[in-house]
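Structure first, commentary second.
In listed order, ligands and their atoms are each counted from 1. All values reported here derive from a predicted model rather than from experimental measurement. Computed over heavy atoms, backbone and side chain alike; hydrogens, waters and symmetry mates excluded. Nothing fancy with the numbering, it's 1 onward along the sequence.
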Amino acid sequence: MTYGEIAATRLRDIATASVTTEGVTRLPWSSEHRTALAQITTWMEDAGLSVSLDAAGTLCGKSPNPTGKPALLIGSHQDSVPSGGAFDGIMGVALGCLAAKALRDELDDFPFALEVLAFADEEGVRFPTALVGPRALAGTLDPMVLDMRDRDGVSMRDAMARFGIDTDATPATHRAPGTVAGYIEAHIEQGPVLEKHDLPVAAVSAICGISRHEVRITGETGHAGTVPMAGRRDALVAAARIVAGISDAAGRAGELRATVGDLSVRPGAVNAIPAEVTFPLEVRAPDDAARMAFEAETLAKASNICAAAGCRISASRTYVQPAVICDPAMTRAFERAIGEGGTKVLTIPSGATHDASAMADLCPVSMLFIRCRDGVSHRPDEFASAADMDVGISVMIGAIRNLAQGLPKGR
Ligand code: HGY
Ligand code: MN
Ligand code: MN
């Protein structure tokens, strides 16, 4: 079997660690997460790595390192969105293990050891935060996130403790910068660009920045039949005007993306005027200044719409992640490996965010995209072929060899 075929088999097997059969649903600190870690452990052991779970829930597979060399980290996330795909995140772990396996007998001559990482929670679906694992490694984790609660009122701290994590030790999970040589992440592209260029892989130039706000609009409820239309303070009408305006403005803002992915209405009755609407606003852009200007403009317009509708508005920022430029020298190592493998070299920005976004606070980072069928992701029909994953693993092996010959010194 080719490495790509082994990856495809492993990803098909681990996709059953899910609470849904229609797509993959594997949230952090769940029994599905535990099932997945058992399978990833076998992948890591098959690559000759020694396996441990750190105090942020990251499964770490370390190559033998008797001389204490810095480690080149290779990783991605084990979790999924609800009814998501079988490749987002976990593919990077599978490909990392196979690249480490292929390089096993060369590591003594490398200036770094290898370490494969399976992060617990990149999607931020269960709790209103994300990237706990890489932020813990980078020393940028705000401990207050451990007190955030899921929809059942379970705190992340309790969920992690029940999973067997000593959360008192979580803040101390960070790595000293000198112990880490860099971070690489292979990931399904989640977009249509590689298909459009008919290429199996591409290097990544930058990862977009992201901010999220919780917006609450308050009007006044009343009987849907007896309250005249004139003078109503309908929170949902105001929200609808705001959401439509956000989409129109983002459509004129180039690479920027703005999305309202959820909406809750109270009292939520067919014959009652909506009194309160809450929704999350997410804004992404490769340029942080453009993202922040768009946020400010959007919230100013929303205030005007609410004033005209007799409603009040409150907005609080719940999440922010700056844009990240991938390390040029490491990206060149990938580009060289892509060319050496006979594939046309393409380097593109990432509209999705990744664990690498947070790892950039610890060390130089770089990414490799693998072609995504029809460009769809966060859906059950997300797919990457064994042949493309095989090219991806070969490129990772080539890039790591290139880095071994001239890894950029630190930042
Ligand atoms: O939201 C993202 O871009 C990532 O899939 N978590
Ligand atoms: Mn995702
Ligand atoms: Mn992902």
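The pair Asp288-Arg291 meets the salt-bridge criterion, with a side-chain N (NZ, NE, NH1 or NH2) lying under 4.0 Å from an Asp/Glu carboxylate O. Taking 4.0 Å as the cut-off between side-chain N and carboxylate O, Arg401 and Glu340 do not count as a salt-bridged pair.
The distance from the CD atom of Glu276 to the CD1 atom of Ile217 is 10.0 Å, given to the nearest 0.5 Å. For the atom pair CG of Asn402 and CZ of Phe334, the computed distance is 10.0 Å after rounding to the nearest 0.5 Å.
Of all protein N/O/S atoms, those under 2.8 Å from the Mn ion (ligand 3) are His77 NE2, Asp88 OD1, His187 NE2, and waters are not counted.
Taking distance alone, with nitrogen or oxygen atoms compared against 3.5 Å, Arg284 approaches ligand 1 more closely than that limit.
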Tell me, with the steps shown, if Lys301 and Asp248 meet salt bridge (charged side-chain N to carboxylate O under 4.0 Å, His left out). CA-CA 12 Å; Lys301 285 180 193 168; Asp248 295 346; over 6 Å; no

side-chain hydrogen bond (donor to acceptor under 3.5 Å, both in side chains) between Ser316 and Glu214: does it pass, once the steps are laid out? CA-CA 5 Å; Ser316 58; Glu214 178 79 4; over 6 Å; no

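Heavy atoms of His378 found under 4.0 angstrom from ligand 1 belong exclusively to the side chain.
Here the options are Glu123, His33, Gln78, the test is side chain to side chain donor-acceptor pair (under 3.5 Å), and the partner is Arg26; only Gln78 passes.
When each atom of ligand 1 is checked for a heavy atom of Ala352 under 4.0 Å away, the hits are 3 (O). Close approach to Glu122 involves these atoms of ligand 1, each under 4.0 Å from a residue heavy atom: 4 (C), 6 (N).
Shown here are the side chain to side chain contact (heavy atoms under 4.5 Å, CB included) partners of Ser52, two or more places apart in sequence or in another chain: Cys60.
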